[in-house]
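For reference, the structure discussed in these notes is given below.
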Amino acid sequence: MGNFSAKENKLEDLLPANTLKLRVEQVNVKREIKPAPSRYRNEIARYVIRRNEDCVMCGKCAEICPNGVHVRKTGYKYFLEPKSDLCIGPVCEKTDHFCVAKCPHNALRFVENPMIKALGDCRWTSDLMLATWKMAETGQNPDEDFDLEYECGDSGGGFDRMRIRFPERPAVELSEDEIDTSIQLNRSNDGRPNIKIDVPWYGGGMSFGSVSNTTQLAKARAAVAFNTFTCTGEGGYMERMMPYDDHVITQVATGLFGVREDTIQRVPIVEFKYAQGAKPGLGGHLLGDKNTTAVSRMREAVQGISLFSPFPFHSVYSIEDHMKHIDWIKHINPRALVSSKVSTPTDVDMVAVGSYSAGSHIIHIDGGYGGTGAAPDIAKKNIAMPIEYAIPKVHGFLEAEGVRNNITLIASGGIRSASDIVKAIALGADGVVIGTVELIALGCVRCSKCESGRGCPRGIATTDVELKELMTVEWATQRIINLYEAWRKQLIEIMRKLGIRNIGELRGRSDLLMHLDYTNDVESKT
Amino acid sequence: MSRDTIQKYLNSKKRLVDNLELPRIVRKGEEEGGCGVVGFCCSEPVGGRHIYEPSRQMHNRGNGKGGGIAAVGFIPDQIGVSREVLDNYYMLHIAFLDIDVRKELEKKYITPNFEIALTTKLDTVDDWKAVQGLEVKPPDVLRYVVKTKEKVLNKFIKDNGFEGMDRDKVEDEFIGQNSFTLNQEFYASLGEQKAFVLSHGKNIMILKVVGYAEAIVKYYKIEDLRAHVWIAHQRFPTRGRVWHPGGAHPFAGVNMALVHNGDFANYHSVSEYLLQRNIYPQFLTDTEVSALMFDLMVRTYEYPLEYIIEALAPTTELDFDRLSDEKQKIYRAVQATHIHGSPDGPWFFIIARNLIKEKTFQLLGITDTAMLRPQVFAFCDGEVQVGLIGSEKQAIDATLESLAQEDIRICPVAEKYWNARGGSHTDGGSFRFDVKADDAGKIRITVSDKFGNLVEMPEAKEACDFSQGISLPPETENRVQTIVSGRFAPGNAYVIFKMICKLVPEWTFDEFRLACKQIVNQSQDASKIEIAIEVLTLLNDRIYSTGTKKRSHILHIVRKSLDKIFDSIKSICADSPGGHFRSIDFDSRDDLRGPAEGETTLVINADRFAPEGDNCDAALLVKAYAKGWKKFIVYKCRGQRYIGCGLGPGSDDVYIDVYGSNGDYLASGALGVNISVHGNAQDQLGQIIKKGKLVIHGDVGQTFMYGAKGGDVYVRGNAAGRPLINSVGRPRVVINGTCLDFLGESFMAGDPHNGGGFVVVNGITLDQDGKVIAMKEPYPGSNLFSLASGGAAFVRDPKRVMVDEQLNGGVYQEFTDADWKLILPYLEENEKLFGITIDDLLTVDGEKQEPPMVYRKVVPAASAVSSSKVQDASEEEEYADLVLE
């Protein structure tokens, strides 16, 4: 975790002995790309290959297909259902290994998967989801042959109408290892640790209860691998998370579920969640069905009852209360950085400056695009300001106030791709927080059933004992690591093309962006 | 005032607004949240120096970007005018950000309109940078003592059809409109602000700066400027670069000044309401529109104060139902008419005003209906009376301390401290102090609530003359000495306390002072320090009859004695070994070391420690704990926060005793520590507390035990609003008084009979002799256990006063023997701690009753239907997935 380790900064001078006694050995997770194929036999694909009864099992298709679509297990007579997700689609028609054309018995057909139309939405297009799955599977960008649009969605606004303006040739030619994607999280010079993360993003808060412990652990382990952070969300800090303490942000939210002095003390960053962009002013809620024994024990609440986090903090109704709140956390944990997560009302700029003067190290603004199925539809995208408006507003105001370089500005709420990250930073953020995309990497199909019943049918946002068995920590960790790595590479590639050595130099460079609606710029694929 | 006259007033303003062609949309210029507010009034005029100390202590409620003070009721000599002029002329205080416009401004707005009795530029120190706490040079302030010229006023009357109306009132309106036009020309309409009116009214002054409020006292050299009423405000604007003081509080109405702590959610709506009445905000902050609203209600609608407060903070829910039919009718009309002007959101106002007709100076505090901002009222009776209002009790203590230093007749301990219950049928969420000459011409203060009901003060009136030393005949001295020292040995503290208690009613103050002095003397013997502290602590914590003597003065004597003992404890730096106690203060903080052989208790003198941050006493305490100290006494607190926080898990063997004005967040996060607060406690106590024992010998403030997970907690007095919200786990709480409202909202503390939590509300108070008296209502609020899903509340309600409507999510359940067995040990401990006996609690109208007849049980509706579920093995397995082997 950055340049802070227990030894250098003498953790024992900062934390009470009993808290240190609780500390367990920190686990290292290697940043290693390994294939993490879909955990379903047939992953959803854009095109599907259908095999009819004319097939004589000659094996020609398996022979010619370089992508492994057609599989016959050893010792078996029949083929498995074609692994359509490996099929590169229409581009194959022009090749010499197009199975449909080459089949001697015309037993294969190639159709667009009708399910694709129902998959995703304008912001999270099926292309984006399929591409994210590919990245999570391989750690690479999806093969160009798949022709997936993974930079933008199709919402017709926001980041989706913004493009990065690449120069014909970068001012400086940089090699990959000259490019630095790390960011500092403490800019306040207050003597607290100068935490640096290797990539300009960290994982957003998802409570145990909203997601399974497997999901939480996978997020934490990936955070270790990339020397960044994950956040507990508001559902307590499970013991199994403790080997990753140095990469965990303890969230203090309005319900104060599972927040204790020791959970505040054991981490390097504490986040106040004042509001969520997906549902500002609505607090939090976990419906009764998801409040299982384990969840209720973690939160010390009553099992089976819907749990509400109020809005707002009952102890914070003003900026001076906010300062008192921050001072409290700083007192309990003398090494902690404090992040204030707020949604984006029209006066978010004032909120940000207020948070700065109240002593936050990080101001985390959460725009209206985020949110999973648990946020009410009426709130999602309808209350908070879109993040692309909020970032420059806050960035500009902090600059005008002369404090921009003393606080870290983190943006979130609908960051879906490496390209989104670049846009957010070019608009003025220092880094971003991601949420939904990690769940997509684990196989989320955005069915928006996160909150109902026992939760996610894909075993991600669930606490059901059976459903959560649908994935293992190892697999889930690898998926997120692979996604992170693919993003990191994309980021470096973008920076290389822009001739930017350090991601910090990109901050506020909105001149490197164009908005298709407001400029005469013509979209050009680069 | 008749509808016709009201309309004339509003029309006269319309002309004004039309002439200026103002845009008809108002947007808030800046956000601001809370702040620190304090105000006090005194039956004798006192110097500005006394607003200095409380302002300084509330530093951490502002950020140095705006401060202001106001004063009402000066002495003619100090202003340099006659009594007649002071009473009848207006004082205009105008701030010049650019002194070059003075001539032009005077030519346009002063000389043509007014007969001028006096023009002075307020004296200042030469170098503003020499004054701590100023961000930019404060404005030059000119004071004009004026009266409107006859013919100018006549013309104003004629132009607006004000004939036949009270001439003084019309003049008020003229003054207001003159200032408005002036502000528009020299302030609001300009890109660069040059001058504005700070205050306009009779016998009133407002000063504001970009900086901290107390800097005003120094910069304008008003330490010795005496007035009856003072208010101050520390501002925390979120916009960082505020270079002019226009947005700082207080804001002026004619003859009034208002400060505000909070933030409106409906600024736009309130502004619209005002615009419809041709009132146009010029400084674009919440506070300005509050002052404008209040001014409108007072001068245009001429509502009595009760209705004004109703218009601002409407009475709702059960409280509304409890009003008389007649009141309901009026209130409904007031609400319907003015609801759009009612500020929505957290706010607390302190208003100082001069009621000309009533010949009264008034200090007024009003809280919003939901009581979302902290507020404390206090009154100090005696030869000199002081009424106080503040965001924090420590500001009140600091004021009294400061006043007492100058005038020995003022006791630093007030007669009474209390909170207002917003929008209630009981006090209406507001209290006022009226400073007025009585029939004999002596200026006295009356304290009353929104309805005009006088606030009851203790009967004992005999004061101790602190200016005199103890003087007793030798035989009396001997007698007292024998009583104290006779049995002064470890283990006897309670016996000695009881003995003294019994004698206090008949003793003179001098006898009591001597007894305390003897106790202090005993403590010089190192082996007797502990018992000396115990006896005095009991005398401080318990309520016992003081006869005709003022309890506040008795307390003052006890506290001074305790401080004396603590002060005399050997410093941590002292070379000589021995004794169980060591003390540490701000100067010796770097000499902190672990306890030597035999040393058990570290006494921390909190005075001069910062209230938060690396240099606060709470941080020192954590460090001392790390070095091996386990027992602590923290005294001379001045609002220091976070005491007992940060000790981490396993602090079960740590004991902290806190004396003085402790601050917010005490014990928030406690994981085992035992803390006793010997006095009232502040806000946000025991937040997320998981384990440990917390004893409060007094009242606690807002959001007590928010998100708590456990802890055994005992409160002798009341809890303010919203205690135990979102509590889970197993908190076990006894509140002997009651709480304002929202007790146990979203309470989720399991099954109390199966390791869960509960709260006992006794709804009693102790009278001046320490006898248990049941309150009229054990719980006055409209919301108990709303949204709750676990735990239980046991309310002492033998008369069954509580009704279903108050539960809002809870249901009554039969109070069983098992319930009694559950709470009995806690009531026994409660008896031990506070002397509130179980017998007394079970006694109703002089007869002892069975527990089920006395207590009622409230459980969440949700848990009443779902029977407790038995865990199966797979669920155990599920939990095992979360924990380390």
Side-chain angles (χ1 to χ4, degrees), chain A residues 15-19 21-22 24 208 213 238-240 242 254-257 259-262 264-265 292-294 297-310 314-315 317-324 327-328 330-334 347 350-351 353-354 356-357 401-403 463 465, chain B residues 30-35 61 63 236 238-241 262-263 346 372-373 612-613 618-619 622 625-626 641-642 645-650 664-665 668-669 671 684 687-688 690 703 706-707 709 722 725-726 728-729 746 748 750 787 789-790 862-863 866 869 871 874-875 878-879 881-884:
Chain A
L15 294 179
N18 284 326
T19 306
K21 260 187 233 159
L22 291 178
V24 301
F208 172 66
N213 57 336
M238 67 174 142
E239 278 184 26
R240 281 188 191 273
M242 290 171 67
T254 53
L256 298 169
F257 287 115
V259 181
R260 295 189 311 268
E261 210 167 75
D262 51 319
I264 294 170
Q265 283 173 335
T292 60
T293 317
R297 270 176 77 172
M298 285 282 285
R299 300 184 183 212
E300 302 185 58
V302 185
Q303 189 232 312
I305 301 270
S306 296
L307 300 180
F308 296 91
S309 296
H314 278 288
S315 46
Y317 279 96
S318 71
I319 185 74
E320 117 259 2
D321 285 350
H322 178 35
M323 183 165 88
K324 200 159 71 175
D327 284 337
W328 175 51
K330 285 183 174 173
H331 174 82
I332 289 178
N333 182 346
D347 57 355
M350 310 256 192
V351 174
V353 171
Y356 163 75
S357 51
E401 293 284 322
V403 301
T463 45
V465 274
Chain B
E30 50 200 272
E31 280 305 311
E32 78 184 285
C35 316
R61 287 186 175 266
N63 64 356
F236 201 135
T238 42
R239 199 187 272 273
R241 289 181 174 171
D263 180 29
L372 296 173
R373 300 305 311 147
E612 67 269 303
V622 175
Y625 169 60
R641 296 169 174 164
Y642 316 119
C645 303
L647 299 171
D664 301 331
Y665 280 89
S668 279
L671 289 168
Q684 289 101 25
Q687 196 161 306
I688 71 170
K690 165 86 176 162
T703 58
Y706 173 24
K709 283 123 186 86
R722 295 167 285 142
I725 287 196
N726 266 70
V728 297
S746 285
M748 293 173 269
L787 281 176
S789 57
S863 75
S866 74
K869 195 174 169 288
Q871 283 177 19
S874 73
E875 285 166 338
E878 186 194 347
Y879 188 67
D881 254 3
L882 308 178
V883 295
L884 291 170

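In the text below, chain A, chain B and the rest are named by the order of the sequence lines, each starting its count at 1.
- Both the backbone and the side chain of A:A301 come within contact range of chain B, judged by heavy atoms closer than 4.5 Å.
- Using a 3.5 Å distance cut-off with no hydrogens or angles, the side chains of A:Q265 and A:T19 do pair a donor with an acceptor.
- For chain A, the nearby parts of B:D881 are the backbone and the side chain; heavy atoms of each come within less than 4.5 Å.
- Between A:S315 and A:W328, the closest side-chain pair of non-hydrogen atoms is not below 4.5 Å.
- Between B:Y642 and A:H331, the angle of the ring planes stays under 30°, which puts this pair in the parallel group of the 30/60° scheme.
- Contact check for B:Q687 versus B:Y665: side-chain heavy atoms found under the 4.5 Å cut-off.
- A cation-pi contact links A:R299 to A:F257, judged by a cut-off of 6.0 Å to the six-membered ring centre and 45° from its axis.
- Each of B:G613, B:S789, B:S746, B:G790 has some count of heavy-atom pairs under 4.5 Å with chain A, and the biggest count is that of B:S789.
- At a 4.5 Å heavy-atom cutoff, A:Y356 makes no contact with chain B through either its backbone or its side chain.
- For chain B, the option among A:H314, A:M323, A:H322 with the highest count of heavy-atom pairs below 4.5 Å is A:H314.
- Proximity to chain B is limited to the side chain of A:I264, based on heavy atoms less than 4.5 angstrom apart.
- For B:A626, there are no side-chain contact (heavy atoms from CB on, under 4.5 Å) partners two or more places apart in sequence or in a different chain.
- Most heavy-atom pairs under 4.5 Å with chain B: of the set A:V24, A:V259, A:I332, A:D262, this distinction falls to A:V259.
- Between A:Y317 and B:R373, some side-chain heavy-atom pair lies under the 4.5 Å cut-off.
- Here the side chain of B:T703 pairs no donor or acceptor atom with the backbone of B:R722 at under 3.5 angstrom.
- Using a 4.5 Å cut-off between heavy atoms, B:P346 contacts chain A through its side chain alone, with no backbone atom that close.
- The most heavy-atom pairs under 4.5 Å with chain B, out of A:L22, A:T254, A:L15, come from A:T254.
- Interface remark: A:S306 contributes no atoms to any contact with chain B (heavy atom separation under 4.5 Å).
- Note on B:I725, B:L787, B:V622: by heavy-atom pairs under 4.5 Å with chain A, the leading option is B:I725.
- The shortest side-chain heavy-atom distance between A:L307 and B:M748 falls under the 4.5 Å cut-off.
- Heavy-atom distances place both the backbone and the side chain of A:K324 under 4.5 Å from chain B.
- Ranked by heavy-atom pairs under 4.5 Å with chain A, the first of B:C645, B:A618, B:A619 is B:C645.
- Both the backbone and the side chain of B:K709 have a heavy atom closer than 4.5 Å to some heavy atom of chain A.
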